[in-house]
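All remarks here apply to the structure that follows.
Residue numbers start from 1 in every chain, and the chains themselves are labelled A, B, ... in the order their sequence lines are given, proteins ahead of strands.
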Protein chains: 2
Amino acid sequence: MKKTNPTSSGAFARSPCPVACVLDIIGDKWTLLVVRDLFAGKRTYGEFQASFEKIPTNILAERLKRLIEYEIIVKSPYQQRPVRYEYVLTTKGKELGPILKAMAQWGEKHIPGSKAISKW
Amino acid sequence: MKKTNPTSSGAFARSPCPVACVLDIIGDKWTLLVVRDLFAGKRTYGEFQASFEKIPTNILAERLKRLIEYEIIVKSPYQQRPVRYEYVLTTKGKELGPILKAMAQWGEKHIPGSKAISKW
DNA sequence: GATGTTACTTGCAATTAGCAAGTATGTCGA
DNA sequence: TCGACATACTTGCTAATTGCAAGTAACATC
């Protein structure tokens, strides 16, 4: 994995602009959909995979890794025998809510027919 | 250019979820930076190119085309001899402000050292 | 008519995405 | 204890997208 983490490295990937930095973390087609699912109450790998948009499994694995790296989520076992893990939003992760909400509002207003699946 | 426009085609590219639809339009590393520049008062191709992040020129051209397609911006001549064009946010485009604002706020809070270049 | 400016387009190598299949770990029932 | 099943990934390979560099077009100015 490349070292372009603007939070852990001293240098910024592209610029010190907060918008650019945020886009370096969540600026792709899948990451925020996983976060959306987390807001909607999904917790396990299988649940994310089962979402309507059918995220490719290798991309899901990579994005979860990234989200952990950026401390947006944490992974922890929720049962033994067999060990099963759940992914949970951190406080930092929960604070992505306003971004998601703003997107959902814009989408519902400007993309005819689009309708929120879940609430947050 | 591929036909994945969820607003003009009857079918949604991936899902009817407004977040997914919005990500299909602005879910990449560059589009929102151009929108940010527009909010910051930049108007011409050259001004976008001169931004700190140094967007590749072919990507800039393609993104401007997309933004026009989705009616987020309009292109119009602002002078003759020689004809020069400016790009301006539509009402729909201006309503992306809250998304940008939410991103900037999250970035300023969680990415140490990141600092907004401009106001809106 | 040579040079400069703005606004792109084109070509190509490199990175990333996406599909399908495979692997690892552990459960459960016969 | 062996086979079938489930969850959670990893790997291999092709296709699409990105990004760099260079080229082009239209016009203006010297």
Check the distance between D/dT17's C1' and B/Lys65's NZ and give it to me in whole angstrom.
15 Å
Between B/Glu47 and A/Gln80, who's closer to the 5' end of DNA chain C by nearest nucleotide?
B/Glu47
A/Thr57, nearest nucleotide to its side chain (from D/dG12, D/dC9, C/dG26)
D/dC9
May I ask you to evaluate whether A/Arg63 reaches the phosphate of C/dA17, defined as a side-chain N or O under 4.0 Å from OP1 or OP2?
yes
Could you tell me how far apart B/Gln79 (CD) and C/dT5 (P) are, to the nearest whole angstrom?
15 Å
Out of D/dC9, C/dT10, D/dT11, which has the shortest distance to the side chain of A/Ala61?
D/dC9
Nearest 0.5 Å, please: how far is NZ in B/Lys65 from NZ in B/Lys75?
9.0 Å
Which residue lies toward the 5' end of DNA chain D, A/Asn58 or A/Tyr85, if each is placed at its nearest nucleotide?
A/Tyr85
A/Trp30 has a side chain; which of C/dG18, D/dT10, D/dG19 sits nearest to it?
C/dG18
Euclidean distance, atom CG of residue A/Asp28 to atom P of D/dT17 [Å, nearest integer]:
15 Å
From D/dC9, D/dA21, C/dA7, pick the nucleotide closest to the side chain of A/Tyr87?
D/dC9
Could you work out which one of D/dT10, C/dG11, C/dT5 sits closest to the side chain of B/Arg84?
C/dT5
In whole angstroms, how far is the P atom of D/dT18 from the CD1 atom of B/Ile55?
10 Å
Any A/Lys54 side-chain N or O less than 4.0 Å from OP1/OP2 of C/dA17:
no
Ignoring the backbone of B/Tyr45, work out which of C/dC19, D/dT10, C/dT9 is nearest its side chain.
C/dT9
If you find the nucleotide of DNA chain C closest to A/Ile59 and the one closest to A/Pro82, which residue's nucleotide is nearer the 5' end?
A/Ile59
Where is the tightest heavy-atom contact between B/Pro56 and B/Trp30, given as atom of each residue plus distance?
CD-CZ2, 3.8 Å
About how many Å separate CD1 of A/Ile99 and CE of B/Met103, when rounded to the nearest 0.5 Å?
5.5 Å
Passing candidate, side chain to side chain contact (heavy atoms under 4.5 Å, CB included) with A/Ile111, options B/Cys21, B/Cys17, B/Pro18
B/Cys21
Verify the cluster assignment for B/Leu32 and B/Val88: are they in a single hydrophobic cluster under the rule of side-chain heavy atoms below 4.5 Å apart?
no
When all nucleic acid strands are considered with a 4.0 Å heavy-atom cut-off, which category describes B/Lys75: base, sugar-phosphate, or nothing?
sugar-phosphate
To the nearest angstrom, how far is B/Leu60 atom CG from D/dG19 atom C1'?
13 Å
When rounded to whole Å, the CD to C1' distance for the pair B/Glu62 and D/dT17 reads 9 Å
Whole-Å distance, B/Arg66 CZ to D/dT18 C1', equals 14 Å
Given DNA chain D, 5'-ward residue of the pair A/Arg14 and A/Gly46, judged by closest heavy atom
A/Gly46
